[in-house]
Amino acid sequence: MEAAVNSAEITVLGWSVVLLLVQIIAQASATGDLGPKYLFSPRDEGLKSKSILAGRLERALNNLLETYPAFIALALALAVTGKVGGIAATGAWLWLVARIVYAVLYATGTPVVRTIAWFASLVGLVMMLIRLMS
Amino acid sequence: LTPTLATLPAEITVLGLSTVLLLGQVLAQAIALDLAGGLGPRYLLGPRDDGRAQQSVLVGRLLRALRNLLETYSGFVALALALAITGKTGGIGALGAWIWLGARLAYVVLYAAGIPVARTLAWLASIAGLLLMLARLMA
């Protein structure tokens, strides 16, 4: 198990949790215009923040959550089966970097490159999948 | 220890295939939105700040099918990995994993085609697959 614990896949998995938490906290921090009274309440009125940044961070977070379970599944499956390293490790790092770039580009409203970063994150997942299934 | 494909437990094989299903549904939804959503490439490639609603029935179905998959997908990932880690692979756990995958595949096809009732039965079958895996894990 030592080798698996120290593998790139598990290191990236740990950093992916940091990315997730940062995106959650950034998104939550950007909704300040709703006011503490509403935010601490059960939010029954379903108000939406008028902040453009909050909207972008929310969409970036939702987009991360669409494929994040697949990344977790692949990283852990590679570790469990001892298939760490090779193109899977490269794919894991590619996925992480692409997801960081994606979130930054979404927050800054940069078009086109954001979609390319999203595609790169998918390529990273496919590289991990190829290693797992081969 | 370097397991070959022959020694990959069924749960891990299905887990790998499940990521193909998820990526397939994500891509299908995205491509359908791009081609049929009526939003235009300029809006889609931009930060989408206006929150425009897309126009296609098919895109709506694919989106709802993806949301539905994501509701329980983490449960499947958890069970498949827990079975592999604890060495409890095979038996009704492996059967449940295959049932889950077949049912989720049927579900998204039926949803996209707009077929009622059978879609809900496929959803129930996917839940039954998870329960089989859970029963094996906790036994």
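Lettering of chains follows the sequences in order, A, B, ..., and the numbering in each one begins at 1. Just the heavy atoms: all of them, side chains too, but no hydrogens, waters or symmetry mates, feed the values below.
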Visitor: Just say parallel, tilted or perpendicular for the rings of Tyr106(A) and Tyr102(A), cut-offs at 30° and 60°.
Guide: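 It falls in the perpendicular class, over 60°.
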Visitor: Does the pair Arg131(A)/Glu9(A) count as a salt bridge with the N-to-O cut at 4.0 Å?
Guide: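 Result for this pair is no, no salt bridge flagged.
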Visitor: I need the contact set between residues 123-139 of chain B and chain A: heavy-atom distance under 4.5 Å, sorted by residue number.
Guide: none
Visitor: When the side chains of residues 90-105 of chain B are checked against the rest of the protein, which donor-acceptor pairs come out under 3.5 Å, sequence neighbours left out?
Guide:
{"from": "Arg104(B)", "atom 1": "NH1", "to": "Asn68(B)", "atom 2": "OD1", "distance (Å)": "3.1"}
{"from": "Arg104(B)", "atom 1": "NH2", "to": "Asn68(B)", "atom 2": "OD1", "distance (Å)": "2.9"}

Visitor: If I measure from the heavy atoms of chain A, does Arg48(B) come under 4.5 Å with its side chain, its backbone, both, or neither?
Guide: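 Looking at Arg48(B), backbone and side chain both touch chain A.
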Visitor: Chain B contacts: which residues in residues 49-57 of chain A have a non-hydrogen atom closer than 4.5 Å to it?
Guide: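 Near chain B, by residue number: Ile52(A), Arg56(A).
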Visitor: What residue in Asp49(B), Val26(B), Leu69(B), Val20(B) has the most heavy-atom pairs under 4.5 Å with chain A?
Guide: Asp49(B)
Visitor: Does the side chain of Arg64(B) pick up a donor-acceptor pair with the side chain of Tyr111(B) at under 3.5 Å?
Guide: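 Indeed, the side chains of Arg64(B) and Tyr111(B) share at least one donor-acceptor pair under 3.5 Å.
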Visitor: I'd like to know if the side chain of Glu45(A) and the backbone of Leu47(A) have a donor-acceptor N/O pair within less than 3.5 Å.
Guide: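 Here the side-chain-to-backbone pair does not exist.
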Visitor: Given heavy-atom pairs under 4.5 angstrom as the criterion, report whether the side chain, backbone, both or neither of Leu17(B) touches chain A.
Guide: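 Both backbone and side chain.
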Visitor: So do the side chains of Leu22(B) and Leu70(B) get within less than 4.5 Å of each other, counting heavy atoms only?
Guide: yes
Visitor: Contact between Thr72(B) and Phe76(B) at the side-chain level, heavy atoms closer than 4.5 Å - yes or no?
Guide: no
Visitor: With a sphere of 6.0 Å drawn around CZ of Phe119(A), does it hold more than 12 non-hydrogen atoms of other residues, nucleotides or ligands?
Guide: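 Atom CZ in Phe119(A) is not packed in, count stays at 12 or less.
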Visitor: Which heavy atom of Leu15(B) sits nearest a heavy atom of Ala80(B), and at what distance?
Guide: CD1-CB, 4.1 Å
Visitor: If I measure from the heavy atoms of chain B, does Thr67(A) come under 4.5 Å with its side chain, its backbone, both, or neither?
Guide: both
Visitor: Which residues from residues 18-32 of chain A are near chain B, with near meaning under 4.5 Å between non-hydrogen atoms?
Guide: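 Residues of residues 18-32 of chain A touching chain B at under 4.5 Å: none.
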Visitor: Side chain, backbone, both or neither: which part of Leu105(A) has a non-hydrogen atom closer than 4.5 Å to chain B?
Guide: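 Neither part; nothing is under 4.5 Å.
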